[in-house]
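For reference, the structure is listed below as structure tokens.
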Amino acid sequence: MNSIPYGRQDINRADIDSVVAILKSDFLTQGNVVPKFENSVSDYVKAKYAVAVNSATSALHIACLALGVRKGDRVWTSAITFVASANCALYCGAEVDFVDIDDKTYNLSIEKLEEKLIVAEKSGSLPYLLIAVHLCGQSCDMQSIKSLSDKYGFKVIEDASHAIGGKYKGEAIGNCHYSDITIFSFHPVKIITTGEGGMALTNNFELANQMRSLRSHGITNIQGEMELRPETEIWNYQQLSLGFNYRLTDIHAALGLSQMNRVSEFVQQRHEIADRYNQEFSNLPVLVPYQDPLTYSSYHLYVIRLDLNRIRKSQIEIYKEFQSEGILVNLHYIPVYLQPFYERKGFLRGYCPSAERYFHEAITLPLFSSLSEEELTRVISVTKKVISD
Ligand SMILES: *Cc1c(COP(=O)(O)O)cnc(C)c1O
């Protein structure tokens, strides 16, 4: 029997045709498909500007740089996230610190954030930037984050790598109403894919311009942006800052543009599967994902919490039993500061107690739009078999 991964892309004939059409065209990269894809996403989420890059990690990096993150600055993010949400700050020479999570949503806790800010203000160590992560596709409490950012003067990036197609207070995640920049990922396990790819959304013209420059070596070929040089020399481009090659190709963008036709459908299908799980697991000794009524999750991940007081097995035994049944459950995520690299920076066990409890109880079940009825039934029956009190 085939094994079932926790996430998988959903590619149809139209997706394939649109990629093949680009392969047969004149431009494989930097043609007109990247801007079309950017417009498609910015129209969908109602943000003014979109900058497509080769990964969400690259997008996070140039977003930090555009916001002016520098050596010695403090950047805070959630303890439960993918390492990229923290690494981007280190790329800029900043210091990273972690906010513990909310016990219900598993997003960063607003109460703990506020407590930490009060302490930091007293010791003159307020953060320059907060990277709020919409875990599993469910928005953070952005209204509260915005009020705290106004009060304490830090900038905000939304790491919405999980969350395209999700909503907060009825509006699309990515509109940047409560943040400076929002990031999406198009890795194959995410909601829509470009193979590898990411995007930064913003309503700020200057930030968008800087990120466009940074994704391509800090080079411009626009006359009005160039610095004065002798007219007797050929200056058809100028490097104005130290950028990178973080460009997305037209091949990848063509896949993304085609996938955008189905983004709402994908999220709808994910909700249907999550609803089935919620019903089927209502009598199991597990917590199903809590949904804040102000949010509409994109349901990138379906995470259950094991009630280990009522289960006679350990988390790792359950994990291994799923694996041996061919259900490739996962864990999202290990607290970032417990990673050996971060531990060497001096973070200790016990630093974020809620995140560590979550780490020891969470399991991610398969959830993706192309999950068949047969696969779904199999996941449900294996789950009932493996998890019983
Ligand atoms: C996937 C992910 C990223 C990185 O995305 P890439 O496109 O693979 O670079 C960053 N943050 C979070 C929360 C993610 O899940």
Side-chain angles (χ1 to χ4, degrees), residues 5-9 34 37-38 41 50-65 75-92 96 98-99 101 105-108 129-140 142 145 156-166 173-174 179 181-201 211 214-215 244-249 252-253 255-256 259 270 289 297-303 330-337 339 342 355 358-359 362 364 367-368:
Y6 79 88
R8 182 170 68 203
Q9 68 277 11
V34 167
F37 178 40
E38 290 172 337
V41 176
V51 181
V53 286
N54 58 4
S55 72
T57 303
S58 303
L60 284 164
H61 184 194
I62 61 174
C64 286
L65 289 174
V75 174
W76 292 3
T77 189
S78 175
I80 296 292
T81 182
F82 183 54
V83 293
S85 317
N87 290 345
C88 57
L90 301 183
Y91 299 157
C92 306
V96 176
F98 300 92
V99 182
I101 61 167
T105 64
Y106 319 142
N107 280 325
L108 65 82
L129 166 69
L130 177 73
I131 301 179
V133 182
H134 303 320
L135 194 75
C136 305
Q138 175 165 233
S139 177
C140 293
M142 290 312 298
I145 289 174
V156 179
I157 293 176
E158 293 172 70
D159 182 347
S161 290
H162 298 182
I164 192 169
I173 292 175
S179 64
I181 298 172
T182 301
I183 303 299
F184 292 134
S185 170
F186 308 125
H187 181 279
V189 296
K190 308 285 165 79
I191 307 294
I192 65 161
T193 190
T194 60
E196 293 277 5
M199 202 175 280
L201 286 296
M211 291 192 288
L214 287 165
R215 85 172 153 187
F244 309 88
N245 180 355
Y246 283 171
R247 291 186 305 268
L248 190 70
T249 73
H252 295 87
L255 179 54
Q259 289 253 299
R270 286 171 174 274
S297 179
S298 67
Y299 263 119
H300 164 52
L301 300 172
Y302 187 89
V303 173
N330 212 302
L331 173 61
H332 296 93
Y333 294 89
I334 301 163
V336 176
Y337 65 87
Q339 293 291 347
Y342 280 93
Y358 169 90
F359 169 39
T364 308
L367 176 60
F368 45 89

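Below, all heavy atoms of this structure are taken into account, side chains as well, without hydrogens, waters or symmetry copies. We count ligands from 1, going down the list as the structure has it; atoms in each ligand are counted the same way. Throughout, numbering of the chain's residues begins at 1 and tracks the sequence.
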Practice task
Answer with yes or no whether G197 contacts ligand 1, where contact means a heavy atom under 4.0 Å from a ligand atom.
Solution key: yes

Problem - N or O pair under 3.5 Å between A56 and ligand 1 - result: yes

Practice task
Compute the minimum heavy-atom distance from K190 to ligand 1 and say whether it is under 4.0 Å.
Solution key: yes

Practice task
Answer yes or no: does an N/O atom from H187 fall short of 3.5 Å to an N/O atom of ligand 1?
Solution key: no

Practice task
For ligand 1, note which part of F184 has a heavy atom under 4.0 Å away: side chain, backbone, both or neither.
Solution key: neither

Exercise for the section: Assess the side chains of Q138 and S297: does a donor N or O sit below 3.5 Å from an acceptor N or O? Expected result: no

Exercise for the section: Quick one: look up the protein heavy atom nearest atom 3 (C) of ligand 1 and list residue, atom name and how far away it is. Expected result: S161 OG, 3.5 Å

Practice task
Give the residue, atom name and distance (to 0.1 Å) of the protein heavy atom nearest atom 4 (C) of ligand 1.
Solution key: T57 OG1, 3.6 Å

Practice task
Compute the shortest N/O to N/O distance between Y333 and ligand 1 and return yes if it is under 3.5 Å, no if not.
Solution key: yes

Handout entry: Y91-F244 aromatic ring centre distance below 6.0 Å
Key = no

Problem - Non-hydrogen atom of G198 closer than 4.0 Å to ligand 1 - result: no

Handout entry: Numbered atoms of ligand 1 (with element) below 4.0 Å of T81, judged on heavy atoms
Key = 13 (C)

Exercise for the section: Measure the distance from atom 11 (N) of ligand 1 to every protein heavy atom, then report the residue, atom name and distance (to 0.1 Å) of the closest one. Expected result: D159 OD2, 2.8 Å

Problem - Nearest-neighbour protein heavy atom for atom 15 (O) of ligand 1, which is reported as residue plus atom name and distance - result: H162 NE2, 2.7 Å

Exercise for the section: Decide whether S179 and E158 meet the rule of one side-chain donor and one side-chain acceptor closer than 3.5 Å. Expected result: yes

Problem - Aromatic ring pairing F98/Y342, orientation class (parallel under 30°, perpendicular over 60°, tilted between) - result: perpendicular

Handout entry: C64 and its side chain to side chain contact (heavy atoms under 4.5 Å, CB included) partner, picked from I131, V75, I181
Key = I131

Problem - Ring-ring centroid check H332 Y6, cutoff 6.0 Å - result: yes

Fill in the blank from the handout: Here the atoms of ligand 1 under 4.0 Å from any heavy atom belonging to S85 are 11 (N), 13 (C)

